[in-house]
A.B. asks: 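Structure in structure tokens, see below.
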Amino acid sequence: ININIANFIVHKKSPDYIHYTELRYGRTSEYDIFKVILELPKFNKSLKQLETEQDKWLYLLKHAHELHKRPAEFSSEVFKRLFEDPYLRC
């Protein structure tokens with residue numbers, strides 16, 4: 001699995017912010033690489049619009065540099081620990 005987080009637009013013609021690609025080498029029926037591209041500029045949900053854990057992670061990736069404390073929407077244990085970690089603290 002290859003996950004690419006882009007802070008620029010990769011697929012200009014697509015409004016989607018997550019793209020999945022399967023790459024195959026040779027003539028086998030199995031895929032060798034599963035690639036995910038996250039286009040952060042296309043993710044435009046506000047804090048109040050976050051519905052899923054995936055939304056929250058994408059929001060965090062895009063806005064971490066702006067956050068000075070943990071927003072109330074990030075109340076699950078993993079986010080509490082993340083915001084308390086002295087190496088990651090904003």
Side-chain angles (χ1 to χ4, degrees):
I1 296 177
N2 179 309
I3 300 174
N4 297 276
I5 302 170
N7 200 20
F8 55 90
I9 304 296
V10 177
H11 298 284
K12 293 177 176 45
K13 294 181 180 181
S14 173
D16 299 333
Y17 50 84
I18 300 178
H19 304 275
Y20 303 96
T21 306
E22 296 168 330
L23 303 173
R24 187 180 346 197
Y25 297 102
R27 296 178 181 249
T28 66
S29 61
E30 294 182 21
Y31 292 102
D32 294 314
I33 298 174
F34 184 72
K35 185 175 183 177
V36 180
I37 299 173
L38 308 173
E39 293 180 288
L40 295 181
K42 291 182 181 178
F43 182 80
N44 294 313
K45 292 186 179 184
S46 70
L47 270 173
K48 300 296 180 204
Q49 294 173 315
L50 303 179
E51 298 174 6
T52 66
E53 291 295 302
Q54 177 178 290
D55 286 349
K56 292 175 186 177
W57 280 106
L58 290 169
Y59 185 90
L60 185 61
L61 288 169
K62 184 172 182 177
H63 297 282
H65 66 284
E66 303 167 357
L67 300 174
H68 300 291
K69 62 180 184 174
R70 181 177 52 83
E73 291 80 4
F74 290 81
S75 59
S76 68
E77 189 60 33
V78 68
F79 290 115
K80 287 179 184 177
R81 290 191 350 220
L82 180 71
F83 278 89
E84 291 170 0
D85 189 306
Y87 294 106
L88 302 174
R89 192 177 300 147
C90 300

A.B. asks: Nearest heavy-atom pair of Ala6 and Pro41: which atoms, and what distance?
C.D. replies: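 Here Ala6 and Pro41 meet closest at O-CD, 3.6 Å.
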A.B. asks: Do Leu67 and Leu60 have side chains that get closer than 4.5 Å, going by heavy atoms?
C.D. replies: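 Leu67 vs Leu60: side chains touch.
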A.B. asks: Between atom CG of Asn7 and atom NZ of Lys62, what is the distance when rounded to the nearest 0.5 Å?
C.D. replies: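 Atom-to-atom, Asn7:CG and Lys62:NZ are 8.0 Å apart.
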A.B. asks: According to the interplanar angle, ranging from 0 to 90°, do the rings of Tyr59 and Phe74 count as parallel (below 30°), tilted (30 to 60°) or perpendicular (above 60°)?
C.D. replies: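 If you compare the ring of Tyr59 with that of Phe74, the planes turn out tilted.
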A.B. asks: So, for Phe79 and Trp57, is the gap between ring centers shorter than 6.0 Å?
C.D. replies: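 Centroid separation for Phe79 and Trp57: below 6.0 Å.
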A.B. asks: Decide yes or no for Leu40 and Ile5: does some side-chain heavy atom of the first lie under 4.5 Å from some side-chain heavy atom of the second?
C.D. replies: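 The answer is yes, as the side chains (C-beta and beyond) meet within the 4.5 Å cut-off.
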A.B. asks: Rounded to the nearest 0.5 Å, what separation is found between the NZ atom of Lys12 and the NZ atom of Lys42?
C.D. replies: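 Result: 9.0 Å between the selected atoms.
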A.B. asks: Look at Arg70 together with Glu84 and state whether they make a salt bridge at an N to O cut-off of under 4.0 Å.
C.D. replies: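 Salt bridge flag = no for Glu84 with Arg70.
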A.B. asks: Within this structure, what is the NE2-OG distance for the pair His19 and Ser14, rounded to the nearest 0.5 Å?
C.D. replies: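 Atom-to-atom, His19:NE2 and Ser14:OG are 4.5 Å apart.
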A.B. asks: Would you say Leu47 ends up clustered with Leu61 if hydrophobic residues are merged whenever their side chains have heavy atoms under 4.5 Å apart, either directly or through other cluster members?
C.D. replies: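 In one cluster with Leu61: Leu47, yes.
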A.B. asks: Shared ILVMFWY cluster between Val10 and Tyr20, side chains joined below 4.5 angstrom?
C.D. replies: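 They do not share one cluster, since no chain of ILVMFWY contacts under 4.5 Å joins Val10 to Tyr20.
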A.B. asks: To the nearest 0.5 Å, how far apart are CG in Asn4 and CG in Leu38?
C.D. replies: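 The distance works out to 8.0 Å.
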A.B. asks: With clusters defined by side-chain heavy atoms of hydrophobic residues (ILVMFWY) lying less than 4.5 Å apart, directly or transitively, does Tyr17 cluster with Leu50?
C.D. replies: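 Yes, Leu50 connects to Tyr17 through the hydrophobic network.
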A.B. asks: With rounding to the nearest 0.5 Å, note down the distance linking NZ in Lys45 to CG in Asp55.
C.D. replies: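 Here the interatomic distance stands at 3.5 Å.
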A.B. asks: Check whether any side-chain heavy atom of Ile18 sits under 4.5 Å from a side-chain heavy atom of Leu58, and report yes or no.
C.D. replies: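 When only atoms from C-beta onward are counted, Leu58 and Ile18 do touch, with a gap below 4.5 Å.
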A.B. asks: Under a 3.5 Å threshold, yes or no: a donor from one side chain and an acceptor from the other, between Glu39 and His11?
C.D. replies: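 Note: Glu39 and His11 side chains miss the donor-acceptor criterion.
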A.B. asks: Do the side chains of Ile3 and Phe8 join up, straight or via other hydrophobic residues, at under 4.5 Å, putting them in one cluster?
C.D. replies: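 No; Phe8 is not reachable from Ile3 via cluster members.
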